[in-house]
**Student:** 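Provided herewith is a single structure, encoded as structure tokens, for subsequent inquiry.
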Amino acid sequence: MSTHAPRLDETHDPAVQSWVESANDPATDFPIQNLPIAAYEAQHDGHSHAHYATIIGDQVLDVSMLVEAGALGRERDEEDLAEALQMPHAFGLLRFPELRRQLRRIIHRFLRADTVAGQSVRRLRSKVLRPLADTTLIEPVAIFNYTDFYASIHHATTVGAMFRPDNPLLPNYKWVPIGYHGRASSIVVSGADIRRPNGQSKADDAPAPSFGPSRMLDYELEVGCVVGPGNLLGTPVSIQNAREHIAGLCLVNDWSARDFQKWEYQPLGPFLAKNFATTISPCLVTLEALEPFRCPAYRRPAGDPAPLPHLLDETDQALGGFDLTLEVSLQSKQMAAQGLPPIRLSTGNAFRDMYWTFAQMLTHHTSNGCNLQPGDLLASGTVSGPTPDSRGCLLELTWDGPGKPRKPIALPTGETRTFLADGDTLILRGYAQREGFRRIGFGECRGTILPAT
Ligand code: CA
């Protein structure tokens with residue numbers, strides 16, 4: 001096997017079906033080949049407890065219950081796994097990638113349709129599932145730190161052209177994975193309502209700024225990378241080792257108040273325009289599940305500089321990208337009231353053309369000795385492609401060129417949008433598919449805008 005080949009095993013076999021019937025539906029995001037990390041809150045002993053779980057078809061599989069029932073087996077290393085699973089917030093699975101891979105194989109075996117089940121296993125099967133539709137998922141891991149990058153050169157160029165028509169792409173862009181430290185405390189899980197923020201903004205022709213509700217509330221379609229083992233302060237992660245530090249991916253909506261952003265972003269970058277809320281999808285799709293969908297890093301056009309040596313690795317160049325399809329849709333309150341489905345704002349596979357790979361972002365982040373911790377979230381930055389229908393935010397989608405008024409998006413109710421209105425629901429979706437493999441998905445990353453207080 002070439003060192004550039006994805007790491008595949010029986011858990012990727014597209015022919016395997018599950019005894020959970022809904023997992024065999026070709027349209028599901030969660031076939032037996034996915035098995036994401038998830039969590040939900042269960043009530044017992046008069047308290048709520050976070051249970052570690054995975055999603056299979058339209059069901060939530062309570063992994064904590066599997067562990068309690070001794071279904072993981074009694075081998076010595078399976079005891080290590082059971083112990084790791086006692087750690088809260090899936091911490092053990094982030095810290096120890098080999099245990100995560102082992103658990104994936106065990107859950108896969110438990111869920112296979114062709115696994116012979118005795119009476120006790122059949123009883124267990126009936127106890128560990130609950131419908132996803134009746135379950136509120138919580139953060140799959142505890143996120144204590146959040147960094148947001150800016151890795152789409154198409155996004156950086158288009159947005160740069162709006163703010164700095166003469167100088168859209170700053171000279172450092174092709175050398176440094178640009179990022180800023182976000183705010184982890186305001187990360188919420190899909191389904192949480194988003195309150196329109198108040199803040200300072202200043203119109204170009206106004207003599208002074210004013211304070212009030214954002215009038216340019218936007219979303220940003222992003223992919224998040226959750227850090228696995230992490231590194232000690234002062235000990236950088238090399239580009240060769242970076243892959244082992246990626247536990248998995250989720251979808252991220254970096255809600256943004258463009259009017260606040262424009263007024264505050266210089267000289268230190270985004271602050272209150274971004275930190276009022278960030279929504280993540282509740283399923284962490286593991287690196288193992290994504291192995292078949294790895295692809296080469298973005299091929300830089302002739303004339304662009306090569307990454308500096310500490311950011312350049314042959315395997316990362318061959319396999320550091322992820323071939324994902326990402327979609328954004330919107331449903332206004334009026335559309336919902338009239339029973340109209342959401343309309344699609346954008347779709348595409350621009351994520352494979354990000355200028356930097358997650359391994360490069362992670363290595364860059366630690367290159368000065370900064371320590372990343374298990375569960376830290378590194379978001380990619382807005383995922384935009386070169387064509388207008390693959391732009392990952394309204395700031396770009398409704399832009400019609402320098403000096404021109406914004407071009408509103410028409411909704412089927414006759415309403416129009418240049419930015420988000422109160423009552424709008426914004427939905428991100430993402431999936432990976434490739435000939436010869438089962439399609440796997442991320443589930444939804446959804447939020448509805450509430451009026452400002
Ligand atoms: Ca962002």
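Note that ligands are numbered from 1 as they come in the structure, with each ligand's atoms numbered from 1 the same way. When reading the values below, keep in mind they use all heavy atoms of this one structure, side chains included, and skip hydrogens, waters and symmetry mates.
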**Student:** Would the number of heavy atoms belonging to other residues, nucleotides or ligands and lying under 6.0 Å from CZ of R164 be above 12?
**Tutor:** yes

**Student:** By atom name, which N, O or S atom of D254 is the nearest to the Ca ion (ligand 1)?
**Tutor:** OD2

**Student:** Please state the angle at the Ca ion (ligand 1) spanned by OE2 of E222 and OD2 of D148: what is it, rounded to 10 degrees?
**Tutor:** 100°

**Student:** Would you say the side-chain atoms of N231 pair up with the backbone N or O of C370, donor to acceptor, closer than 3.5 Å?
**Tutor:** yes

**Student:** With the threshold set at 4.0 Å, does a side-chain nitrogen-carboxylate oxygen contact exist between D424 and R417?
**Tutor:** yes

**Student:** Of all the N, O or S atoms in E220, which has the shortest distance to the Ca ion (ligand 1)?
**Tutor:** OE1

**Student:** Counting neighbours of CZ on R406 that are heavy atoms of other residues, nucleotides or ligands and sit closer than 6.0 Å, is the number greater than 12?
**Tutor:** yes

